[in-house]
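Accompanying notes for the structure given below.
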Amino acid sequence: HRDKKRDKEKVKEKEKAKEKERDRDKEKERDRDKDRERERDKDRNREKDRERDKERNKDRERVRDKDRDRDRDKDKDKDRDREKEKDKEKEKDREELDQNKEKEDIEKEGEKDREKIKDKEGDKDKGGDKEKDRDKEKEKDGDKERERDDKKKKEKRSRTPPRSYSSSRRSRSSSR
């Protein structure tokens with residue numbers, strides 16, 4: 001009878017030991033699962049961090065590009081403004097030159113008029129050579145007017161850009 005009891009107790013102890021073993025195994029399995037899950041989370045977080053870094057780098061690059069483009073545009077605007085200023089200065093210089101030429105021409109005409117008046121007064125004294133002197137003066141006036149016209153034409157030509165080679169050839173070929 002005692003043997004039976006002992007055997008039962010031993011069986012119970014063995015079963016308890018087996019149960020404890022099973023519990024330990026389950027606990028170990030749970031721990032392993034938790035560790036695996038932690039590793040997966042770490043990997044996911046690393047991947048997310050990489051993606052964020054890539055996006056940040058892209059954003060920085062975009063900002064750099066925008067800044068570069070903005071600077072380039074500012075430089076272009078400054079260059080355009082400088083060119084406009086230069087053109088304005090050139091135009092002012094041309095206008096001043098034109099005005100100075102006109103003043104000189106007017107002064108020369110005034111001198112001519114004075115000379116004519118003196119010549120006429122001298123002609124009154126001379127008498128017969130008046131017609132010859134008038135003809136000479138008319139020729140001089142005509143020459144000077146032609147010179148003035150030529151100067152104006154040259155100035156206009158210098159302001160207009162030259163024709164392209166092909167267009168000048170076309171006009172030559174059409175005139176033949």
For the atom pair [atom1] ([X]) and [atom2] ([Y]), what is the distance rounded to the nearest 0.5 Å?
X: K140; Y: K116; atom1: NZ; atom2: NZ; result: 10.0 Å
X: K78; Y: D71; atom1: NZ; atom2: CG; result: 8.5 Å
X: E109; Y: E111; atom1: CD; atom2: CD; result: 11.0 Å
X: E107; Y: D105; atom1: CD; atom2: CG; result: 9.5 Å

Taking only Lys NZ, Arg NE, NH1 and NH2, and the carboxylate oxygens of Asp or Glu, determine whether [X] and [Y] approach each other closer than 4.0 Å.
X: R82; Y: D79; answer: yes
X: R146; Y: D143; answer: yes
X: E91; Y: R94; answer: yes

Set of residues satisfying salt bridge (charged side-chain N to carboxylate O under 4.0 Å, His left out) with respect to D49, sequence neighbours excluded: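 Only R52 meet the salt bridge (charged side-chain N to carboxylate O under 4.0 Å, His left out) criterion with D49.
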
Under the salt bridge (charged side-chain N to carboxylate O under 4.0 Å, His left out) test, residues paired with D93 that sit two or more places apart: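 Testing D93 for salt bridge (charged side-chain N to carboxylate O under 4.0 Å, His left out), a comparison that skips the adjacent residues, returns none.
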
Residues K74, D77; criterion salt bridge (charged side-chain N to carboxylate O under 4.0 Å, His left out); working and verdict: CA-CA 5 Å; K74 283 180 184 177; D77 290 342; over 6 Å; no

For [X], which residues count as a side-chain contact (heavy atoms from CB on, under 4.5 Å) partner, sequence neighbours excluded?
X: D67; result: V63, R70
X: R68; result: E61, R64, D65, R72
X: K112; result: D141, K144, R148
X: E139; result: none

Those residues that, when tested against [X], pass side-chain hydrogen bond (donor to acceptor under 3.5 Å, both in side chains) (two or more places apart):
X: D59; result: R62
X: D25; result: none
X: D43; result: R46
X: K108; result: none

Flag side-chain contact, heavy atom, 4.5 Å: I106 against K103: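 No - every pair of side-chain heavy atoms lies 4.5 Å or more apart.
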
Pairs touching residues 30-40 that satisfy side chain to side chain donor-acceptor pair (under 3.5 Å), sequence neighbours left out: E27-R30, E29-R32, D33-R36, D35-R38, E37-R40

Pairs flagged by side chain to side chain donor-acceptor pair (under 3.5 Å) wherever residues 9-19 is involved - sequence neighbours left out: none

From CA spacing to verdict: salt bridge (charged side-chain N to carboxylate O under 4.0 Å, His left out), D87, K84: CA-CA 5 Å; D87 290 344; K84 285 179 184 176; over 6 Å; no

